[in-house]
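Everything below concerns the one structure shown next.
By convention in this document, chain letters (A, B, ...) are assigned in the order of the sequence lines, proteins followed by strands, and residues within each chain are numbered from 1.
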Number of protein chains: 2
Amino acid sequence: MPQTAPTRTAQSCPQCPIRHSAVCSLCGPSELAELDAIKTYQTFQAGDVIAWAGEPQTIVGSVVSGVATLSRTLADGRRQMVGLLLPSDFIGRSRTQVAPYDVTAATEVTLCTFRKRAFDEMLDRTMHIERRLLQMTLDELDAAREWMLLLGRKTAREKIASLLVIVARRDAALHRREVGNGVSFRLPLTREAMADYLGLTIETVSRQISALRKAGVVEMHGTRDVTIPDFGRLLDESGDDADGGIVS
Amino acid sequence: MPQTAPTRTAQSCPQCPIRHSAVCSLCGPSELAELDAIKTYQTFQAGDVIAWAGEPQTIVGSVVSGVATLSRTLADGRRQMVGLLLPSDFIGRSRTQVAPYDVTAATEVTLCTFRKRAFDEMLDRTMHIERRLLQMTLDELDAAREWMLLLGRKTAREKIASLLVIVARRDAALHRREVGNGVSFRLPLTREAMADYLGLTIETVSRQISALRKAGVVEMHGTRDVTIPDFGRLLDESGDDADGGIVS
DNA sequence: CGGGGTCTTTGATCAGGATCAAGCCCGTGC
DNA sequence: GCACGGGCTTGATCCTGATCAAAGACCCCG
């Protein structure tokens, strides 16, 4: 089934041998038989560590399904998530030997991976993959900067609302729907992962979700399934101006 | 005089017609006569706005001297700096019509700018500029992520110490010295800009600098000139582990 | 030299979120 | 059925950094 994400030029990935609803962000659009020759698929369980910060980097590839996180840890154990990897996002980078962050599977994750040496050699021969990587990296940079605004200046309540907006939009994009009133989706993150994302503690995350529920901004069914009765109200709670919304 | 930044492959820029101690990050290494044909120089005073978020993007180019900032503002006026542009950093991006952030001169700034349309056309013809832009963007992304760790998890005191470490390192790199005990440098930012950078208020910035001064970690001469008697102690205060130091 | 403005420092108080500490919900295995 | 454990929620208290307020330091310009 063909897929089109709005800001990315990703297409379906017909040659991928496994069943998945998402996009292999390189195989599809690149149309390079050479990529097929060096790719394999790997699956990780929720909680598995895909790569450790500071260790030699072994994996280059893109997320086919599931959610993974990038995070860094301070000396005393405080942790901050610095990247959220959703289907079609790229993991690892070429020509770098050491992984800069911990990469952890937040749900079951399937990756389309490439042998690093072969991948680097291919980059040297086929420049137009580099153009695509540049665009993807610029998108990530924009997302990182919106995230910095959130971390530096938003209240706990605004942070939670912003995260719900992001997940709702990505989820809608994945199913090629518009976000609007009454949208429902499942949170792909535990309370702990949300806290790491937002620079909060799990208690504060829990309290603020409860507060938004009591205020009627969100409806929770169980602990992970969310319905947004009025998307405009959620946007108001997120603290963003008109539509300078969070990218990615 | 030739310049070499450690993590970037920048070189001197002999053909630039103006006197500057820093690097034109594209003209130099690209060795493209075509770039010369479409470049001009522009100077801005401290406080000048170089581009407004949401307005059509007019400028593409790199910082030759001075310091500029990228920032975003929430609806109620809270502001967060999301990028710090030092000599050799690139401003603007190709193939994007709308500027994503406010760009402001923090000191007097000189830019080496290119006509946007001509620059985009050149990118289409000469792929290897794209490779260089990719590397620069990846460096920026790394810096943004270290910054997220700072914003999300560091205390005010650690934030100030981290900023001093960053400025000391960039300053040392610019003069091809090693950072070490007794280094001195001048802060290129006002207290307000530091607060925007760190997600703090100016009062807290001022208090924490005073605290570090009283603790003997830094010496201040006037309000902008800093000496670090013991760089290791400053590093300890920054909260970073061993040497996972802040990139860029 | 003096005056006004901007930038910075310092003080007093307040509040948002962290921390510490139970308890709850729900799936799992015995 | 029941105990166990992991993830989540709620409560009480504390503390860091924001806010409100005022006074110094510095600078440009007459």
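- Under the 3.5 Å distance criterion, with hydrogens and angles disregarded, no donor-acceptor pair is assigned to the side chains of A/Thr137 and B/Thr137.
- Here the OG-CE distance, from A/Ser71 to B/Met148, works out to 10.5 Å after rounding to the nearest 0.5 Å.
- Smallest separation of non-hydrogen atoms from B/Met81 and B/Tyr197: SD-CD1, 3.6 Å.
- A/Asp142 places no side-chain N or O within 3.5 Å of a backbone atom of A/Asp139 that could act as its donor or acceptor partner.
- The backbone N or O of A/Trp52 lies less than 3.5 Å from no partner atom in the side chain of A/Asp102, so there is not a single donor-acceptor pair.
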Can you give the donor-acceptor pairs under 3.5 Å from side chains of residues 204-212 of chain A to other protein atoms, not counting sequence neighbours?
{"residue": "A/Thr204", "atom": "OG1", "partner": "A/Thr201", "partner atom": "OG1", "Å": "3.2"}
{"residue": "A/Ser210", "atom": "OG", "partner": "A/Ser206", "partner atom": "O", "Å": "3.1"}
{"residue": "A/Ser210", "atom": "OG", "partner": "A/Arg213", "partner atom": "NH2", "Å": "3.4"}

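- No donor-acceptor pair under 3.5 Å is formed between the side chain of B/Arg186 and the backbone N or O of B/Asp225.
- Considering only residues two or more places apart in sequence or on other chains, A/Val60 meets the side chain to side chain contact (heavy atoms under 4.5 Å, CB included) condition with A/Phe90, A/Lys116, A/Phe119.
- When all heavy atoms are compared, the tightest approach of A/Gly66 to A/Thr107 is CA-OG1, 3.3 Å.
- Between B/Leu164 and B/Phe185, the shortest heavy-atom contact is O-CZ, 3.8 Å.
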N/O to N/O distances under 3.5 Å, protein versus nucleotides 22-25 of chain D:
none

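- Although no hydrogens or angles enter the test, the distance criterion places no donor-acceptor pair under 3.5 Å between the side chain of A/Thr69 and the main chain of A/Leu84.
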Scoring nucleotides 6-18 of chain D by protein non-hydrogen atoms under 4.0 Å (B base, S sugar-phosphate only, - none) yields --SBBBB----SS
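- Side chains of B/Thr223 and B/Arg191: a donor on one and an acceptor on the other come within 3.5 Å.
- For DNA chain C, the contact window with chain B, defined by any atom under 4.0 Å from a protein heavy atom, covers C/dT8 to C/dA12 in 5' to 3' order.
- For the helix from C/dC1-D/dG30 to C/dC30-D/dG1, the angle separating the two terminal helix axes comes to 30°, with each axis derived from five pairs and the value rounded to 10°.
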